[in-house]
Amino acid sequence: MKKILDFVIVIASLVAAVFVFSEFNMEGILKKMDQPATVGSQQMEENPGTVYVGSPAGEGIPEIHGKSDWEEALNSINDITIRPKSIQKTDIYSLAEWADPFKRRRNGAVGKQKATVKKSPVDIFLDYVPYYIVELEDGSHVLAQFSQNTAKEIQKGKIDKLPIGRKQGFSQTAKSMLAPICEEYQAPTDYIFYAVDNEWQEKHSFEIMIGKAVVAVVFFFVLAVVLELLADKLFGKKKRQEA
């Protein structure tokens, strides 16, 4: 019986640790230490050719309020932002643009190619970016990709608009997997709003992984020890009562 209980404790602690790994916002901590500057239209005009996708949207950045605004935005050209009425995470992820498309062996050799699209109910893939359904102010919906930290900040009411992004195409594989939820929300699948700062994510990806992993591992051992102590206490009490 004790061995079975120990096994249950390990599994329960592992499941909880996976959840902690998924939810711990290491990206948010790093951004507080290395906060990207807000970018406005004037700065863009002074620095033509510079890509500001993923940067906090400042004054003068055109905002998408409804379906007509979205349709008028030029694909891969206009820098825009959205004031979302609500956001809904899908369970679909695509391989990040900054991620290595191949798995690497310990000796550095190129291994198997990574899946370009994955499905998961929890955010555990650090080199994949989730798709979101974004509700616009007029009640229409569009597909979008932005960082998990941005999603958390919007849900907590800390920011009221998405980072600077662009309207761009995406893979047919992702379109097929997203089709059911897009049909539910009447969201078009020709383009997405992409607002991920690829340069920042690539630079900090290793730190994010290590930070989340350390917190999850520590949580796993602490929870397992606490549960084990509680189990020993309950079993000891039961044995004394039986004696």
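Quick note: numbers below take in every heavy atom, side chains included, and nothing from hydrogens, waters or symmetry partners.
With sequence neighbours excluded, the residues forming a side chain to side chain donor-acceptor pair (under 3.5 Å) with Ser94 are Tyr131, Gln145, listed by chain and number. Taking Lys152 as the reference, Glu23 meet the salt bridge (Lys or Arg N to Asp or Glu O under 4.0 Å) condition, with sequence neighbours excluded. Legend: residues meeting salt bridge (Lys or Arg N to Asp or Glu O under 4.0 Å) with Lys31, ordered by chain and number and at least two apart, are Glu27. Residues passing the salt bridge (Lys or Arg N to Asp or Glu O under 4.0 Å) test with Lys89 are Asp91, Asp123, sequence neighbours excluded. Every residue two or more places apart in sequence or in another chain that forms a side chain to side chain contact (heavy atoms under 4.5 Å, CB included) with Leu74 is listed here: Ile77, Asn78. Take Tyr194 and apply the ring pair (Phe, Tyr, Trp, His ring centres under 6.0 Å) test, not counting sequence neighbours, and it matches no residue. Applying the salt bridge (Lys or Arg N to Asp or Glu O under 4.0 Å) criterion to Asp190, with sequence neighbours excluded, gives no partner residue.
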Enumerate donor-acceptor pairs with a distance under 3.5 Å from any side-chain N or O in residues 157-164 to protein atoms, sequence neighbours excluded.
| from | atom 1 | to | atom 2 | distance (Å) |
| --- | --- | --- | --- | --- |
| Asp160 | OD1 | Arg83 | NH1 | 3.4 |
| Asp160 | OD2 | Arg83 | NH1 | 2.8 |
| Lys161 | NZ | Ala57 | O | 3.4 |

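Applying the under-4.5 Å side-chain rule to Ile, Leu, Val, Met, Phe, Trp and Tyr, the cluster around Val225 extends to Leu229.
Sequence neighbours left out, the pairs with a member in residues 203-224 that pass side chain to side chain donor-acceptor pair (under 3.5 Å) are Asp34-His204, Trp200-His204, His204-Glu207. Identified under the ring-ring contact (aromatic ring centres under 6.0 Å, His included) test for residues 14-53, with sequence neighbours left out: none. Residue pairs that meet the side chain to side chain donor-acceptor pair (under 3.5 Å) test with at least one member in residues 171-184, sequence neighbours left out, do not exist here.
Ser147 and Asn149 form no side-chain donor-acceptor contact under 3.5 Å, judged by distance and modelled atom types alone.
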